[in-house]
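Here the structure is a predicted model, which is why all the values come from computation and not from measurement. The figures that follow rest on heavy atoms only: side chains count, while hydrogens, waters and symmetry mates do not. In this chain, numbering begins with 1 at the start of the sequence shown.
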Amino acid sequence: MIEPVSEANLLAAALAGAFVVLAGVGYALLFALSRVLDKPSLMPVAYVSYVLLAISVVVLADSLHLGGYWRALVFLMLAGYLLAPHGIWHLCVAVHEEESGEEVAR
């Protein structure tokens with residue numbers, strides 16, 4: 001049986017949801033800036049944002065009483081959000097190399 005979200009958990013869910021958005025934007029932005037500006041020093045900060053995202057997602061899932069398949073889906077989406085920017089970056093580099101014939105920084 002699914003438990004309804006209590007009033008106390010509602011505030012935690014709202015705050016965790018806000019942190020999910022902020023940390024997700026931080027990870028994506030810092031990852032992109034690190035690669036585009038060729039500043040590897042930004043990548044650890046991007047990963048700190050990802051850790052904050054993961055913590056926020058777990059808090060959100062707990063406060064909404066998600067379990068079972070929903071919990072597995074949450075962790076699958078977290079893994080996807082960690083790996084997708086890497087794949088997208090390599091795809092973009094490959095496309096630009098193919099179009100221009102030049103070696104692009106990876």
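- The distance from the CE atom of M43 to the CG atom of L30 is 9.0 Å, given to the nearest 0.5 Å.
- Counted within 6.0 Å of OH on Y81, heavy atoms from surrounding residues, nucleotides or ligands total more than 12; the atom is thus considered enclosed.
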Task: Residue pair R35, L42: steps toward the side-chain contact (heavy atoms from CB on, under 4.5 Å) verdict - done: CA-CA 9 Å; R35 293 299 180 106; L42 290 177; over 6 Å; no
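- The backbone N or O of A23 lies less than 3.5 Å from no partner atom in the side chain of S49, so there is not a single donor-acceptor pair.
- Here the shortest heavy-atom pairing between S41 and V45 reads O-CG2, 4.1 Å.
- Atom CD1 of I88 sits about 8.0 Å away from atom CG of L91, to the nearest 0.5 Å.
- Within the 4.5 Å cutoff, the side chain of W89 has heavy atoms near those of the V36 side chain.
- Proximity of V20 to L53: side-chain heavy atoms (C-beta onward) are separated by under 4.5 Å at one or more points.
- Using cut-offs of 30° and 60° on the angle between ring planes, the pair H86 and Y47 is parallel.
- Once rounded to the nearest 0.5 Å, the distance linking CG of L64 with CG of L10 reads 8.5 Å.
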Evaluation steps, side-chain contact (heavy atoms from CB on, under 4.5 Å), between F75 and V58: CA-CA 9 Å; F75 286 110; V58 169; 4.1 Å; yes
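- For the atom pair NZ of K39 and OG of S34, the computed distance is 10.0 Å after rounding to the nearest 0.5 Å.
- Of the possible polar contacts, one joining the S63 side chain to the V59 backbone as a donor-acceptor pair under 3.5 Å is found.
- Y50 places a side-chain N or O within 3.5 Å of a backbone atom of L78 that can act as its donor or acceptor partner.
- For the pairing with V57, the side-chain contact (heavy atoms from CB on, under 4.5 Å) check across L66, D62, V74 returns one residue only, V74.
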